[in-house]
Chemist: 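This is the structure, below, for whatever I ask next.
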Amino acid sequence: MAPVIEIRGLRKTYKGLRTGPTVAIDGLDLDVPEGGVFGFLGPNGSGKTTTIRCLLGLVRPSAGSIRVLGGDVPGALPEVMRRVGSIVEGPAMFPTFSGREQLMQLARIDGIGRRRVDEVLERVGLAARAGDLAKNYSLGMRQRLAIAAALLKDPALLVLDEPANGLDPAGIVEVRELMRSFAREGRTVFVSSHQLAEVRQTCDSVAILARGRCAAAGPVHEVLASRRAARLVVRVDDLARGVEALCDAGLTAGVSDGTIRVALEASEAGRVTRALADRGLYLTELRVEEADLETVFLELTKDVPEEVPA
Amino acid sequence: MNRLIGVEVRRFTARRLMRVFAALVILGFLIAAPKVFFHSNRDIAKATVVERAAAQRGYEDCVRESGLKGGFCEQPDLERIVAEPRFHLTQLVDIGQAMAGMLIMLSFVAGASFAGADWHHRVVMTTLTWEPRRRRVIVAKIAAVAAVTCVAAIVLELVLAALLTPAAVFRGTTAGVDGGWIASYGLVLLRAGSTAALAAGIGCALSMVGRATAAALGGMFAWMAVGENLIRTGIPGWRRWLVGDQLEAFVGNPTDRVRSVATAGLLLACYGALLFLVATRVFERRDVA
């Protein structure tokens, strides 16, 4: 299955009169598979928003190629953008219109009817306030309106740049549900975020960007596994005796957060149970330690070499 | 493309600034029209007596204050003084020409602020995610502001004419209003409308290049008030190429006309087209962030 987004050797250098050239993206390669939610992670200034702008044809790459939904960017953008909904850096509004009129203005560009406008307003929970001036909306409502605008085209690909920014916890859950429901319909959501917990709960695949380069990419569990040494979490009533038993059995073990952590592959968990049982200790918990996306993220973004001078 | 222009027209006409400008202009009309109506009258004899008395009084005051007679103070020829207190409908041509200057300035500001606000509110970015063909976006924007300001300028001129017509019909005169006059007044309206459209388009184009209303206003002020005046005084031979002189020749009725109306209009159109091409090229190549 062809990826919906293919990026090869993407490079973007901004020319600054005072600061000199700044490399925002430095040879990025990325494939986003069709269907599901793809998380695009990276610290501030890592090039996430610039990459999204390049995808949407807002920024001209200095080098490299981009294909979206099988079409070259920027050459095939007019056809591609009919199937792409997007939010870039928060909602941008026509200040003098109501929420519904905002969407109507956009809908008219593509010949979309009022019924579809009402549908998306309903879907994001803004139908009751659709007649209010958008400039009087709260940040969360504006964000929902922007999502509604992105959904108007009934897109095959949804590109969202930090869609949960400014939302309260209930709003964040709504956006998460919206992305998941969109993915369940077989479409693709490409979402940039720095809210790692959200990404963990929402995304099927991720790419982690650091200083303009892709530090890791793939399904979430693979990315986590690739950067984490195998460890088991063991709980027994007597932690000290448990550690002693495991060390005597030739294993590397230590106490952390009220449990014993053993450096061992999951497939060798039997060695743990045997070592403890031999000392009359019985397990109350044994599991593979779950990788922590935050830790992986920090490790990956720390490891990337320093920015190459342009 | 038509849909895009329609959307831009809708957004441009919905702007508060447009409504404020229209309200201020109409308020000015509502103040001026009754004043003209009540100042105009058909009693020429009485008005002539008043005017002659005023001239004689002026002469006497001059003599009394200066102590001279016949030399410094000129004796008025009272028989030659004939008052004209009537408002002539034919004066609409001069009034229309004078009003065109104001409409040009307002149109420029309206066009500049439209594009400037779009950059400020990041609407340009939103629009490009719906219509990525940038040439279409900027052409639609400029076409929308030009069309709206052209129509608005002509409508406002006609509103003023309608408000002043009672003064001519009931307390003044419609003498001289014939086919020839109507044609010349029609041309004044067309020239006012077209220059307002050009000014709005130029304002919009400059804002698209500068990405801010202030850039367009500042750039235009610097050129018209400083640049052109320096050229006008420093290199008088270049005067016939300056924008200000072309505008005056095309819309107004200057005593020292540098070009004919037609060539001035053509030159203005060429300047506008050149600026639009530059603005389009810059916008097509620019990173929108």
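Model, not experiment: these values are computed from the prediction. Every chain is numbered from 1 and lettered A, B, ... according to where its sequence line falls, protein lines coming before strand lines.
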Chemist: Tell me, side chain or backbone of A:I52 under 4.5 Å from chain B's heavy atoms, or both, or neither?
Modeler: neither
Chemist: Can you name the closest pair of heavy atoms from A:M81 and B:P132 and give their distance?
Modeler: CG-CG, 3.7 Å
Chemist: Taking all non-hydrogen atoms of both residues into account, name the closest pair between A:G111 and B:R3 and its distance.
Modeler: N-NE, 3.7 Å
Chemist: Of all of B:E8, B:R285, B:M1, which one pairs up most often with chain A through heavy atoms under 4.5 Å apart?
Modeler: B:R285
Chemist: Decide if atom CZ of B:R232 counts as having more than 12 heavy atoms of other residues, nucleotides or ligands within a radius under 6.0 Å.
Modeler: yes
Chemist: Tell me, side chain or backbone of B:R11 under 4.5 Å from chain A's heavy atoms, or both, or neither?
Modeler: both
Chemist: Quick one: OG1 on B:T127 to CG on A:L106, what's the gap to the nearest 0.5 Å?
Modeler: 7.0 Å
Chemist: Should we say atom CZ of A:R8 is surrounded by more than 12 heavy atoms from elsewhere, each under 6.0 Å from it?
Modeler: yes
Chemist: Taking the side chain as everything from C-beta on, heavy atoms only, tell me whether A:R108 gets closer than 4.5 Å to B:V7.
Modeler: yes
Chemist: Which heavy-atom pair separates B:V288 from A:V59 by the least distance, and what is that distance?
Modeler: O-CG2, 4.1 Å
Chemist: Need one label for A:R53: side chain, backbone, both or neither, based on atoms under 4.5 Å from any heavy atom in chain B.
Modeler: side chain
Chemist: Return the CG to CZ distance between A:L77 and B:R134, rounded to the nearest 0.5 Å.
Modeler: 9.0 Å
Chemist: Nearest 0.5 Å, please: how far is OG1 in B:T126 from CD1 in A:I109?
Modeler: 9.5 Å
Chemist: List the atom of B:D287, the atom of A:R60, and the distance in Å for their closest heavy-atom pair.
Modeler: OD1-N, 2.8 Å
Chemist: Report yes if the side chains of A:F97 and B:R10 come closer than 4.5 Å at any heavy-atom pair, otherwise no.
Modeler: yes
Chemist: Please determine, among B:M125, B:E131, B:R15, the option with the most heavy-atom pairs under 4.5 Å with chain A.
Modeler: B:M125
Chemist: For A:E122, does the CD atom sit with more than 12 other heavy atoms under 6.0 Å from it, leaving out its own atoms?
Modeler: no
Chemist: Please check this pair: side chain of B:R122 against backbone of A:V88, looking for a donor-acceptor N/O pair closer than 3.5 Å.
Modeler: yes
Chemist: Of all of A:P78, A:G57, A:G85, A:S86, which one pairs up most often with chain B through heavy atoms under 4.5 Å apart?
Modeler: A:P78
Chemist: Between B:R136 and chain A, with a heavy-atom cut-off of 4.5 Å, which part of the residue counts as in contact: side chain, backbone, both or neither?
Modeler: neither
